[in-house]
Undergrad: 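Sharing a structure, written as structure tokens. Questions coming.
Just so it is clear: chains get the letters A, B, ... in the order the sequence lines come, proteins before strands, and each one is counted from 1.
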There are 2 protein chains.
Amino acid sequence: MEKMKRAERMVAVMQVLMSKPNMLIPLTMLAERFGAAKSTISEDLLAVKESMRCTGQGRLETVSGAAGGVRYIPEISAEEAREFLVNLAERLSSQDRVLAGGFLYMTDLLYDPSILRPLALIFAGVFREKKPDVVVTIETKGIPLALVTAEALGVPMVIIRHGNKVTEGTSVSINYVSGSSKRIQSMTLGRRALEPGRKVLVIDDFMKAGGTALGMINLLKEFDADVVGLGVLMETPREEEPKLVDHYLSLLQLRELDPFKGVVQVIPQNSYLSL
Amino acid sequence: MEKMKRAERMVAVMQVLMSKPNMLIPLTMLAERFGAAKSTISEDLLAVKESMRCTGQGRLETVSGAAGGVRYIPEISAEEAREFLVNLAERLSSQDRVLAGGFLYMTDLLYDPSILRPLALIFAGVFREKKPDVVVTIETKGIPLALVTAEALGVPMVIIRHGNKVTEGTSVSINYVSGSSKRIQSMTLGRRALEPGRKVLVIDDFMKAGGTALGMINLLKEFDADVVGLGVLMETPREEEPKLVDHYLSLLQLRELDPFKGVVQVIPQNSYLSL
């Protein structure tokens with residue numbers, strides 16, 4: 001490859017790092033790829049770090065030593081996160097989202113990458129320090145949110161299935177009572193899907209009484225998992241519906257939903273905004 | 001914000017663009033944010049474009065005019081794609097992935113963002129020119145692949161649900177015969193989930209006879225959708241199992257799977273490698 005000017009090399013190095021977020025890239029690899037000395041790449045990286053400091057959209061983490069290198073950690077600034085959640089709450093507080101039966105239509109947003117990405121960065125920002133090995137969710141609506149959160153953290157995702165007809169070798173099932181339907185249901189996870197003793201972050205889209213979340217936590221106990229965090233996008237008010245789990249982070253609250261009056265109000269959670 | 005040096009500004013501009021792939025960012029926004037003239041930002045972008053040309057990992061697309069701006073299109077180089085698929089086929093051709101009943105264990109890879117991201121860039125690279133408005137899949141295992149493909153293309157995703165117990169207003173259900181189980185099953189999509197007349201890219205993880213894919217295509221007809229592409233990660237050999245659908249792209253072929261001998265062989269598809 002022809003030699004590049006410094007600014008152009010910095011941009012190219014940046015592109016390589018941002019294309020593989022959370023992955024440790026050895027300096028030697030960058031030096032070889034861009035035909036520059038390792039010391040030159042190191043200097044470039046210092047300047048790159050400096051320019052990132054002011055965007056609030058991610059940072060470089062350098063790991064020294066023989067097995068060292070550099071990785072790009074994607075982030076969202078507190079200001080952007082706040083603005084995004086206020087906006088999202090407003091979009092969800094729309095009368096035409098009220099469904100018969102007292103449900104709130106939100107799948108369009110839950111499946112939209114441009115909505116999911118900021119949410120993932122918010123969850124990753126909060127839970128990164130807990131160093132989860134894996135993000136766990138239950139099918140179906142929470143899968144996209146769990147996946148992007150896993151990617152933002154640089155870890156894989158595991159999906160707990162409904163029922164017990166899983167065809168993936170030995171599996172563990174438990175019964176649980178979902179808060180919304182009050183019926184006994186079952187959920188299953190293959191033994192092979194999760195090694196024993198992993199640190200787990202549980203992510204789901206919605207929490208009412210927390211029966212599903214509690215079921216997941218109980219199922220994960222069978223895998224000797226250490227649940228280091230639980231994050232949900234939205235919950236009903238705690239004072240209205242006592243929760244079966246404590247210590248979780250929800251980003252939005254469904255303050256009011258009246259299918260008869262056609263009224264819905266979603267608000268951002270102060271607990272997150274004041275973090 | 002204090003004034004930045006050119007190289008540092010280029011890196012910061014790049015970070016803003018790469019953090020919001022496929023999104024059109026107005027030059028005025030960048031100019032304001034970095035306290036530089038629009039003409040300066042334009043010059044920066046030309047240099048950024050140039051340095052990207054040689055990484056093969058994405059490009060800038062500029063849109064001129066009043067509503068114009070610049071967007072980052074993520075890509076994967078042909079060489080990286082080929083190497084990745086050869087590697088993935090090898091990882092899948094492992095004896096310990098053979099499950100009772102003649103299934104192949106692959107959920108660990110299907111739920112891993114570091115595997116999904118390159119696959120998404122491969123699908124996006126092939127189907128971008130068809131300009132899909134939305135990526136459609138059916139629950140559950142194909143959801144992560146469909147989501148990352150949607151993000152790589154900058155469009156939302158829609159999930160078809162199994163059964164017909166969807167609680168999201170009016171919905172359309174059809175019956176279909178899945179090739180693997182030979183049983184009649186049903187799938188459902190809410191009217192609200194997909195506007196009529198959209199261009200749709202269908203993505204799924206596995207195709208045997210193609211019964212599920214055909215079912216999705218038939219269901220999408222009820223939404224006047226124009227199916228502009230169908231991509232699956234893996235298929236069984238066409239000569240062994242005639243397919244119910246034509247014109248699709250599969251990236252891998254499950255050439256052999258013998259649960260009695262414990263033999264499995266997965267190969268990359270020549271049809272893709274020779275594109």
Undergrad: Using a 4.5 Å cut-off on heavy atoms from C-beta on, say whether the side chain of A:Arg9 contacts that of B:Ser51.
TA: no
Undergrad: Pick from B:Arg6, B:Glu8, B:Met10: which one has the most heavy-atom pairs with chain A under 4.5 Å?
TA: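 Of the options given, most contacts go to B:Glu8.
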Undergrad: Among B:Leu116, B:Val148, B:Val134, B:Asp96, which residue has the highest count of heavy-atom pairs closer than 4.5 Å to chain A?
TA: B:Asp96
Undergrad: Report the option among B:Met14, B:Gln57, B:Gln15, B:Met23 that has the most heavy-atom pairs separated by less than 4.5 Å from atoms of chain A.
TA: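 The residue among B:Met14, B:Gln57, B:Gln15, B:Met23 with the greatest pair count is B:Gln15.
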Undergrad: Let's test your reading of the structure: which of B:Val13, B:Leu99, B:Ile76 forms the most heavy-atom pairs below 4.5 Å with chain A?
TA: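 Ranked by contacts with chain A, first place is B:Leu99.
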Undergrad: Go through the atoms of B:Leu147 and report whether side chain, backbone, both or neither lie under 4.5 Å from a heavy atom of chain A.
TA: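 The answer is both parts of B:Leu147.
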Undergrad: Sort out for me which of B:Ala12, B:Gly154, B:Pro144 touches chain A most, counting heavy-atom pairs under 4.5 Å.
TA: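 Of the candidates given, the most pairs with chain A belong to B:Pro144.
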Undergrad: Among B:Asp108, B:Val48, B:Asp112, B:Ile115, who wins on heavy-atom pairs under 4.5 Å with chain A?
TA: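 The answer is B:Val48.
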Undergrad: Do B:Lys20 and A:Glu80 sit within salt-bridge range, that is, some charged N less than 4.0 Å from a carboxylate O?
TA: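 Result for this pair is yes, salt bridge flagged.
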Undergrad: Chain B heavy atoms under 4.5 Å from A:Glu139: which part of the residue, side chain, backbone, both or neither?
TA: side chain
Undergrad: For atom CZ of A:Arg191, is the number of surrounding heavy atoms from other residues, nucleotides or ligands below 6.0 Å larger than 12?
TA: yes
Undergrad: Looking at every heavy atom in both B:Pro113 and A:Pro156, which two are closest together, and how far apart are they?
TA: CD-CA, 3.9 Å
Undergrad: Determine whether B:Lys5 and A:Glu50 make a side-chain contact, defined as any pair of heavy atoms from C-beta on separated by less than 4.5 Å.
TA: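 No - every pair of side-chain heavy atoms lies 4.5 Å or more apart.
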Undergrad: Using a 4.5 Å cut-off on heavy atoms from C-beta on, say whether the side chain of A:Met18 contacts that of B:Tyr72.
TA: no
Undergrad: With a 4.5 angstrom heavy-atom cut-off, which part of B:Val155 approaches chain A: side chain, backbone, both or neither?
TA: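 Just the backbone, heavy atoms under 4.5 Å.
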Undergrad: Quick check on A:Pro74 against chain B: is it the side chain, the backbone, both or neither that has a heavy atom closer than 4.5 Å?
TA: neither
Undergrad: A:Ile143 versus B:Ile159: any side-chain heavy-atom pair under 4.5 Å?
TA: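 A side-chain contact is absent here, since even the closest heavy-atom pair is not under 4.5 Å.
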Undergrad: Between the side chain of B:Arg33 and the main-chain N/O of A:Thr55, is any donor-acceptor distance below 3.5 Å?
TA: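 Judged by distance alone, yes, a pair lies under 3.5 Å.
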Undergrad: Any salt bridge linking A:Glu168 with B:Lys141? Criterion: basic side-chain nitrogen under 4.0 Å from a carboxylate oxygen.
TA: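 Looking at B:Lys141 together with A:Glu168, the answer is yes, because their closest N to O distance falls below 4.0 Å.
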